[in-house]
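Okay, structure first, notes after.
The structure displayed is predicted, hence computed values, not measured ones. Starting from 1, each residue takes its place in the sequence as its number.
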Amino acid sequence: MAGAVACGDDDDSGTSQAGGAAAAAGFPVTIKHAFGETTIPEAPKRIIALSYEEDTLAALGITPIAYGLNPYQEDGKFPWLEGEIDLADSTAIDTSSDLNLEQIASLDPDLILATNLYGLEDYYDRLAEIAPTVAYESEAGIATWQEVSTQIGKAVGREADTATAVAATEKVISDAAADLPGLKDKTFSYSYYYETNGLAVIDDPETVSVQLYGQLGMKLSPRVTASVVDRSLSMEKIGELDADFLMIGFATEDLRTELKANELYQKIPAVVDGRAQEVDAFTAGAVNNPTILNIPWQLDELKPTLEKVAGTTG
């Protein structure tokens with residue numbers, strides 16, 4: 001994703017005025033993380049979010065001056081941010097290859113959030129020279145969305161507001177589980193078709209990307225845990241993906257067409273019965289990186305299939 005527009009001046013437009021006022025009294029703030037400690041001397045006004053932190057910021061009414069680009073949604077118009085914040089005037093930063101440190105420095109940030117940035121060990125020291133930088137607590141992709149949101153809330157001086165926002169999303173999940181009691185003890189599988197004959201499968205129920213399904217009462221299919229090795233499954237064994245609820249993402253539409261023509265895939269009972277949720281790369285990315293705002297959106301997207309799995313639809 002390229003071509004995003006950078007903020008043009010050095011005012012405080014990066015954050016809401018209300019957010020800045022509410023945060024001012026709680027500083028300085030010191031946050032411990034994998035690379036040591038970061039002290040934020042005063043309420044930040046020019047925040048760069050390198051790894052999906054814009055969702056938590058949005059829940060607090062804060063718009064970052066820059067964010068990590070999503071190659072599957074180049075305009076930065078993420079559906080779960082609609083009505084929350086507008087990233088049109090924020091800079092999209094490519095985080096998929098070498099970070100452009102000159103670009104980041106030119107934005108004059110006063111806080112850099114990298115709470116889920118893979119490869120951060122290669123950049124942390126240099127980012128910290130640009131502005132206070134908050135990293136993950138232990139390693140990327142391990143912390144839950146609640147833990148990440150709490151860390152972000154502390155960094156911007158909005159811990160109480162963040163706790164309220166986290167509770168609101170948790171209620172959305174618990175309400176969804178209550179509305180679909182038939183999901184209890186149902187099995188699920190989650191995989192991603194990333195290239196011809198290339199199938200990645202989640203085989204650890206503790207993986208952050210599938211914790212949502214556990215909260216809905218479901219459990220990872222034992223067929224998956226027995227058959228998948230190092231998150232890999234041969235195409236000859238694709239039938240082992242069968243579960244009460246099967247989710248599969250596709251890196252491209254061509255790959256979706258290719259797999260749907262595969263006879264072994266066509267014969268999977270969940271596919272035959274309409275209990276398979278086939279998603280594009282953008283949605284798969286949201287699933288892999290659950291956040292305080294994209295979880296309610298995910299549940300809306302999944303609802304028709306989950307209703308069928310729960311036995312609430314014909």
Side-chain angles (χ1 to χ4, degrees), residues 1-3 51-52 68-80 92 94-97 116 118-119 140-141 187-205 207-213 218 220-221 223-291 294-295 297-306 308-309:
M1 178 172 64
S51 49
Y52 305 101
L69 65 78
N70 185 318
Y72 303 107
Q73 197 80 343
E74 297 187 2
D75 57 9
K77 292 183 178 179
F78 310 131
W80 51 84
D94 185 358
T95 60
S96 63
S97 55
N116 197 38
Y118 289 87
T187 60
F188 72 87
S189 69
Y190 175 49
S191 54
Y192 188 66
Y193 196 55
Y194 59 91
E195 65 181 14
T196 297
N197 296 326
L199 194 63
V201 186
I202 295 296
D203 56 2
D204 180 359
T207 300
V208 170
S209 59
V210 297
Q211 287 179 0
L212 173 62
Y213 309 114
M218 295 188 284
L220 187 63
S221 169
R223 297 181 64 172
V224 167
T225 56
S227 304
V228 176
V229 179
D230 294 331
R231 296 196 174 196
S232 180
L233 184 69
S234 67
M235 295 302 294
E236 292 78 10
K237 295 184 177 181
I238 194 171
E240 298 305 300
L241 293 179
D242 188 42
D244 295 311
F245 173 65
L246 184 157
M247 174 178 275
I248 183 167
F250 296 94
T252 67
E253 286 304 306
D254 286 344
L255 286 171
R256 184 200 295 256
T257 300
E258 174 185 298
L259 189 62
K260 286 175 70 68
N262 183 301
E263 292 186 3
L264 293 178
Y265 179 75
Q266 294 172 359
K267 292 177 181 178
I268 296 175
V271 175
V272 174
D273 297 342
R275 292 179 283 105
Q277 184 88 24
E278 299 172 343
V279 301
D280 61 13
F282 175 73
T283 302
V287 172
N288 284 331
N289 298 278
T291 70
N294 78 26
I295 285 174
W297 177 82
Q298 285 186 52
L299 289 171
D300 284 341
E301 295 291 299
L302 302 177
K303 187 175 181 180
T305 308
L306 290 178
K308 179 167 287 190
V309 172

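- Within the 3.5 Å criterion, the main-chain N or O of Thr291 finds a donor-acceptor partner in the side chain of Asn294.
- By the 4.5 Å heavy-atom criterion applied to side chains, Glu301 and Val279 are not counted as neighbours.
- Put simply, CG on Asp203 and OH on Tyr190 are 13.5 Å apart, with the number rounded to the nearest 0.5 Å.
- Pro290 is listed as a side-chain neighbour of Gln298, based on a closest heavy-atom distance under 4.5 Å.
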**Report entry** side-chain contact (heavy atoms from CB on, under 4.5 Å) between Leu220 and Thr207, worked out
**Finding:** CA-CA 11 Å; Leu220 187 63; Thr207 300; over 6 Å; no
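- When the side chain to side chain contact (heavy atoms under 4.5 Å, CB included) test is applied to Glu236, the partners found at least two apart in sequence or on another chain are Ser234.
- Thr257 and Asp254 share no side-chain donor-acceptor pair at under 3.5 Å.
- To the nearest 0.5 Å, atom CG of residue Asp244 and atom CG of residue Leu306 are 11.5 Å apart.
- At distances below 3.5 Å, not a single donor-acceptor pair connects side-chain atoms of Asp230 with backbone N or O atoms of Ser232.
- Arg231 contributes atom CZ, which lies 12.0 Å from atom OG of Ser191 (distance to the nearest 0.5 angstrom).
- Closest of all the heavy-atom pairs between Leu199 and Tyr193 is CD1-CD1, 3.9 Å.
- To the nearest 0.5 Å, atom OG1 of residue Thr225 and atom CD1 of residue Ile202 are 13.0 Å apart.
- Here the closest non-hydrogen pair linking Trp297 and Ala286 is CZ3-CB, 4.1 Å.
- Contact check for Thr187 versus Val224: no side-chain heavy atoms found under the 4.5 Å cut-off.
- At a threshold of 4.5 Å between non-hydrogen side-chain atoms, the residues Leu69 and Thr95 do not count as touching.
- The two residues Val201 and Leu233 come nearest to each other via the heavy atoms CG2-CB, 3.9 Å.
- A donor-acceptor pair is defined here as one N or O able to donate and one able to accept, closer than 3.5 Å; such a pair exists between the side chain of Arg275 and the backbone of Ala243.
- Here the closest heavy-atom approach between residue Tyr118 and residue Gly141 is recorded as OH-CA, 3.3 Å.
- Using bins of under 30°, 30° to 60° and over 60° for the plane-to-plane angle, the ring pair Tyr213/Phe188 lands in the tilted bin.
- The closest side-chain heavy-atom distance from Arg256 to Asp280 is below 4.5 Å.
- Taking both residues in full, the closest heavy atoms of Ser227 and Glu240 are given as OG-OE1, 3.2 Å, listed atom of the first, atom of the second, then distance.
- At least one donor-acceptor pair under 3.5 Å links the side chain of Arg223 to the backbone N or O of Gly239.
- Looking at heavy atoms from C-beta onward, Gln277 lies out of side-chain contact with Leu246 at the 4.5 angstrom threshold.
- Closest approach of Tyr192 to Ala251, counting heavy atoms only: OH-CA, 3.1 Å.
- Atoms CE and CG, from Met235 and Asn262 in turn, are 5.0 Å apart once rounded to the nearest 0.5 Å.
- Between the side chain of Gln266 and the backbone N or O of Lys260 there is at least one donor-acceptor pair closer than 3.5 Å.
- Here the CG atom belonging to Leu212 is positioned 7.5 Å from the CG atom belonging to Leu302, to the nearest 0.5 angstrom.
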